[in-house]
A.B. asks: 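Just passing along the structure, written as structure tokens.
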Amino acid sequence: MKRAFITGITGQDGSYLAEFLLRKGYEVHGLKRRSSSFNTDRLESIYSDLHEHENRFRLHFADMADASSLWKLLHDIRPDEVYNLAAQSHVRVSFDVPEYTADVTANGALRLLEGIRETGIQCRFYQASSSEMFGSAPPPQNEQTQFHPRSPYACAKVFAHDITVNYRESYGIFACCGILFNHESPRRGETFVTRKIARAAAHIKYGLQRKLYLGTLETRRDWGYAPEYVEAMWRMLQQNEPHEYVIGTGEMHTVGEFLETAFSWVDLDWREFVELDPRYLRPAEAEALQADPSHARSELGWRHRVGFKELVSIMVDAEMAALAQRSAGTLKQIAAEGLT
């Protein structure tokens, strides 16, 4: 039985990757930051199936800013595969907390790599790189495109990417980087623009929200479906040699297109509800990111299956279903209290 260690397991990608690896028969260990609030909502399906997984899923307290906790976990777990998905991943927020973003996102990767080297464990390492590293480089972008980061988050990711390559070349660690373009799902954080739009469309349809405020509608991104992207991560670590891979759909759409598609799905005209607010603008922006995933297609045999419109509908439908469930629960509660 293979053993995997995932940082960032409580996030969107980490939760999908954990589910994927459990289906593959792995023993899965995840890093969980100590928090006074419950932060494992995305892992509820795994928790509910603990007996089915025969205790193959475990969470451990540690922190990407604490090297000793990371090294101890590496020594105790002795994983076959390490997936570093942890980061302060909100691009706009990285301008407000640049030092913290650099420490967790950049130095966190270094701490893990140094832990692998110092403990001497034999494992394969995956670094979650980001399309944001390309910044203002003209699209489409591939593995040979020069990085030009436009945010503290992107700068931190460039360091993490480069230090991963350096440790591979310096110490012979099987280490590779997945340069993933934007990938979304109903598990996306509510402050990210795609989830914000999907959530607003459902809430406005239900009469629970009047306006949606956004920064710009012109930014162009390559959006895919997150559950498909975690399979690409796994495929990278199954190769004979470690390399870098760009993962994306090869298509580019504006925020405005995402907005129009989402609101049209629930028969709303977005122009009646959306206003622009300059407070959401970034000091510098990566205007156009579009993947050239040909290397991943030929070497990994990976390609996306869910298209843009289907992705948007999946996210909006999930928000609508959540509201319907909440509404039904409220009615049941009222009935139980004898108030009808």
A.B. asks: Looking at Val97, Val158, Thr101, which hits side chain to side chain contact (heavy atoms under 4.5 Å, CB included) with Tyr153?
C.D. replies: Thr101
A.B. asks: Taking Ser313 for the side chain and Glu310 for the main chain, is one N or O donor matched with an acceptor at less than 3.5 Å?
C.D. replies: yes
A.B. asks: When you look at Cys123 and Ile116, which way does the side chain to side chain contact (heavy atoms under 4.5 Å, CB included) test go after all the steps?
C.D. replies: CA-CA 8 Å; Cys123 68; Ile116 291 171; 3.7 Å; yes
A.B. asks: Taking the six-membered ring for Trp, are the ring centroids of Trp302 and Tyr229 within less than 6.0 Å of each other?
C.D. replies: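 Judged by ring-centre distance (under 6.0 Å), Trp302 and Tyr229 do meet the cut-off.
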A.B. asks: Is the CH2 atom of Trp265 crowded by more than 12 outside heavy atoms at less than 6.0 Å?
C.D. replies: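 At most 12 heavy atoms, drawn from other residues, nucleotides or ligands, come within 6.0 Å of this atom.
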A.B. asks: Determine whether Leu31 and Met64 satisfy the following criterion, side chain to side chain contact (heavy atoms under 4.5 Å, CB included), listing intermediate values before the conclusion.
C.D. replies: CA-CA 9 Å; Leu31 182 155; Met64 296 301 290; 4.0 Å; yes
A.B. asks: What I want to find out is whether Glu114 reaches Arg111 closely enough, with some N-O distance under 4.0 Å, to be called a salt bridge.
C.D. replies: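 Not counted as a salt bridge, because no side-chain N and carboxylate O are separated by less than 4.0 Å.
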A.B. asks: Going by the side-chain hydrogen bond (donor to acceptor under 3.5 Å, both in side chains) test, name the single residue among Arg199, Arg195, Lys205 that passes it with Glu319.
C.D. replies: Arg195
A.B. asks: Would you list the atom pairs, donor with acceptor, under 3.5 Å between side chains in residues 276-285 and any protein atom, with sequence neighbours excluded?
C.D. replies:
residue: Asp277; atom: OD1; partner: Arg279; partner atom: N; Å: 2.9
residue: Asp277; atom: OD1; partner: Arg279; partner atom: NE; Å: 3.2
residue: Asp277; atom: OD2; partner: Arg279; partner atom: NE; Å: 3.0
residue: Asp277; atom: OD2; partner: Arg279; partner atom: NH2; Å: 2.7
residue: Arg282; atom: NH1; partner: Glu285; partner atom: OE2; Å: 2.9
residue: Glu285; atom: OE2; partner: Arg221; partner atom: NH2; Å: 3.0

A.B. asks: Enter the distance from Asp80:CG to Tyr26:OH here, rounded to the nearest 0.5 Å.
C.D. replies: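 Here the interatomic distance stands at 7.5 Å.
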A.B. asks: I need the minimum non-hydrogen distance between Pro227 and Val230, along with the two atoms involved.
C.D. replies: O-CG2, 3.2 Å
A.B. asks: I'd like to know whether the aromatic ring centres of Tyr225 and His304 sit less than 6.0 Å apart in this structure.
C.D. replies: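 Distance test on ring centres: not under 6.0 Å, no.
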A.B. asks: Ignoring hydrogens and geometry, is there a side-chain-to-backbone donor-acceptor pair from Thr254 to Glu257 under 3.5 Å?
C.D. replies: yes
A.B. asks: Taking the basic N atoms (NZ, or NE/NH1/NH2) and the acidic carboxylate oxygens, is any pair closer than 4.0 Å for Arg168 and Glu244?
C.D. replies: yes
A.B. asks: Supply the atom-to-atom distance Arg326 CZ to Leu323 CG, rounded to the nearest 0.5 angstrom.
C.D. replies: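 With rounding to 0.5 Å, CZ (Arg326) is 5.5 Å from CG (Leu323).
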A.B. asks: What about Leu70 and Phe125, same hydrophobic cluster or not, with Ile/Leu/Val/Met/Phe/Trp/Tyr joined at side-chain heavy-atom distances under 4.5 Å?
C.D. replies: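 In one cluster: yes.
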A.B. asks: Examine Tyr16 and Tyr245 and state if one hydrophobic cluster contains both, with Ile, Leu, Val, Met, Phe, Trp and Tyr joined whenever side-chain heavy atoms are less than 4.5 Å apart.
C.D. replies: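 Looking at the clustering, Tyr245 is in the same group as Tyr16.
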A.B. asks: Measure across His75 and Thr119 and return the closest heavy-atom pair with its distance rounded to 0.1 Å.
C.D. replies: CB-CG2, 4.3 Å
A.B. asks: Check whether more than 12 heavy atoms from other residues, nucleotides or ligands sit under 6.0 Å from atom CZ of Arg3, and answer yes or no.
C.D. replies: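 Enclosed.
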A.B. asks: How about Val255 and Thr216: do any of their side-chain heavy atoms sit closer than 4.5 Å?
C.D. replies: no
A.B. asks: Between Ser15 (side chain) and Gln12 (backbone), is there a donor-acceptor pair under 3.5 Å?
C.D. replies: yes
A.B. asks: Surrounding NZ of Lys309 (heavy atoms of other residues, nucleotides or ligands, distance under 6.0 Å), is the total greater than 12?
C.D. replies: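 Counting neighbours around NZ of Lys309, 12 or fewer heavy atoms of other residues, nucleotides or ligands fall under 6.0 Å, so no.
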A.B. asks: Identify the two heavy atoms, one from Asp63 and one from Ala65, that lie closest to each other, and give their separation to 0.1 Å.
C.D. replies: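 Shortest heavy-atom separation between Asp63 and Ala65 comes out as OD1-N, 2.8 Å.
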A.B. asks: Would you say the side-chain atoms of Asp222 pair up with the backbone N or O of Thr249, donor to acceptor, closer than 3.5 Å?
C.D. replies: yes
A.B. asks: Using modelled atom types and a 3.5 Å cut-off, is there a donor and acceptor pairing between side-chain atoms of Arg56 and backbone atoms of Leu22?
C.D. replies: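 Checking the backbone N and O of Leu22 against the side chain of Arg56, a donor-acceptor pair under 3.5 Å is found.
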A.B. asks: How close do His253 and Trp223 get, heavy atom to heavy atom, and via which atoms?
C.D. replies: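 Scanning both residues completely, I find the closest heavy atoms to be O-CZ3, 3.2 Å.
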A.B. asks: Minimum heavy-atom separation for Thr10 and Arg42, please, with both atom names.
C.D. replies: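 The pair with the smallest heavy-atom distance is O-NH1, 3.1 Å.
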A.B. asks: Tell me whether Leu43 is reachable from Ile77 by hopping between hydrophobic residues (I, L, V, M, F, W, Y) whose side-chain heavy atoms are closer than 4.5 Å.
C.D. replies: no
A.B. asks: When rounded to the nearest 0.5 angstrom, what is the spacing between CG in Asp13 and CZ in Arg187?
C.D. replies: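 CZ of Arg187 is found 10.5 Å from CG of Asp13.
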A.B. asks: Just checking, is any N or O donor in the side chain of His148 or Ser136 under 3.5 Å from an acceptor N or O on the other one?
C.D. replies: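 Ser136 and His148 do have a side-chain donor-acceptor pair below 3.5 Å.
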A.B. asks: Is the NZ atom of Lys196 crowded by more than 12 outside heavy atoms at less than 6.0 Å?
C.D. replies: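 Yes, NZ of Lys196 has more than 12 neighbouring heavy atoms, counting only those of other groups under 6.0 Å.
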A.B. asks: Among Val266, Thr261, Ile197, exactly one meets side chain to side chain contact (heavy atoms under 4.5 Å, CB included) together with Val316. Which residue is that?
C.D. replies: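 Looking at Val266, Thr261, Ile197, the match for Val316 under the side chain to side chain contact (heavy atoms under 4.5 Å, CB included) is Val266.
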A.B. asks: Determine whether a donor-acceptor pair (N or O, by modelled atom type, separation under 3.5 Å) exists between the side chain of Thr219 and the backbone of Glu287.
C.D. replies: no
A.B. asks: Kindly indicate whether the side chain of Phe95, heavy atoms from C-beta on, has any atom under 4.5 Å from the side chain of Ser151.
C.D. replies: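 Side chain of Phe95 against side chain of Ser151, heavy atoms only: contact under 4.5 Å found.
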A.B. asks: Does the pair Val246 and Asp292 meet the rule for a side chain to side chain contact (heavy atoms under 4.5 Å, CB included), with working shown?
C.D. replies: CA-CA 7 Å; Val246 161; Asp292 171 8; 5.5 Å; no
A.B. asks: Okay, side chain of Asn182, backbone of Glu184: is any donor-acceptor separation there less than 3.5 Å?
C.D. replies: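 No, the answer is negative, given that no donor and acceptor are paired below the 3.5 Å cut-off.
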A.B. asks: Would you call Pro186 and Ile314 a side-chain contact if the rule is heavy atoms closer than 4.5 Å?
C.D. replies: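 A side-chain contact exists here, since the closest heavy-atom pair is under 4.5 Å.
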A.B. asks: Just how far is it from atom OG of Ser131 to atom CD1 of Ile247, taken to the nearest 0.5 Å?
C.D. replies: 11.5 Å
A.B. asks: In this structure, would Val165 and Phe174 fall into the same cluster of hydrophobic residues linked by side-chain contacts under 4.5 Å?
C.D. replies: no
A.B. asks: For the CD atom on Glu118, are there more than 12 heavy atoms of other groups (residues, nucleotides or ligands in this structure) within a distance under 6.0 Å?
C.D. replies: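 Check passes, neighbour count above 12.
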A.B. asks: Mind telling me whether Phe258 and Phe308 have parallel, tilted or perpendicular rings, with 30° and 60° as the class edges?
C.D. replies: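 Rings of Phe308 and Phe258: perpendicular, as their planes differ by over 60°.
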A.B. asks: Looking only at heavy atoms, what is the nearest atom pair of Cys176 and Pro242, with distance?
C.D. replies: CB-CB, 4.1 Å
A.B. asks: In terms of hydrophobic clustering (I, L, V, M, F, W, Y; side-chain heavy atoms under 4.5 Å; direct or indirect links), are Val274 and Val312 co-clustered?
C.D. replies: yes
A.B. asks: Are the side chains of Ile179 and His161 in touch, meaning some heavy atoms are under 4.5 Å apart?
C.D. replies: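 Touching, per the 4.5 Å side-chain cut-off.
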A.B. asks: Do Asp162 and Asn166 make a side-chain contact, defined as non-hydrogen atoms from C-beta onward lying under 4.5 Å apart?
C.D. replies: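 No, too far: nothing below the 4.5 Å cut-off.
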A.B. asks: Quick one: are Tyr83 and Phe5 in side-chain contact, heavy atoms under 4.5 Å?
C.D. replies: no
A.B. asks: Sub-3.5 Å donor-acceptor pair from the side chain of Lys157 to the main-chain atoms of Ala128, do we have one?
C.D. replies: yes
A.B. asks: Looking at side-chain heavy atoms only, is the closest gap between Leu214 and Trp270 below 4.5 Å?
C.D. replies: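 When only atoms from C-beta onward are counted, Trp270 and Leu214 do not touch, as no gap falls below 4.5 Å.
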A.B. asks: Heavy atoms, side chains only, cut-off 4.5 Å: are Thr194 and Leu311 in contact?
C.D. replies: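 A side-chain contact is absent here, since even the closest heavy-atom pair is not under 4.5 Å.
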A.B. asks: For a quick check under 3.5 Å, do Gln88 and His90 share a side-chain donor-acceptor pair by atom type?
C.D. replies: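 No, His90 and Gln88 have no side-chain donor paired with an acceptor closer than 3.5 Å.
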A.B. asks: Measure the spacing between NE2 of His29 and CD of Glu81 and express it to the nearest 0.5 Å.
C.D. replies: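 CD of Glu81 is found 12.5 Å from NE2 of His29.
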A.B. asks: Would you check if the side chain of Gln141 reaches a backbone N or O of Gln290 as a donor-acceptor pair within less than 3.5 Å?
C.D. replies: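 Looks like yes, one N/O pair under 3.5 Å.
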A.B. asks: Got a second to check how far Ile9's CD1 is from Thr40's OG1, nearest 0.5 Å?
C.D. replies: 10.5 Å
A.B. asks: Any side-chain to backbone donor/acceptor pair from His183 onto Phe181? Under 3.5 Å, distance only.
C.D. replies: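 Yes: the side chain of His183 pairs with the backbone of Phe181.
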A.B. asks: For Arg235, which of Gln238, Gln239, Glu231 qualifies under side-chain hydrogen bond (donor to acceptor under 3.5 Å, both in side chains)?
C.D. replies: Glu231
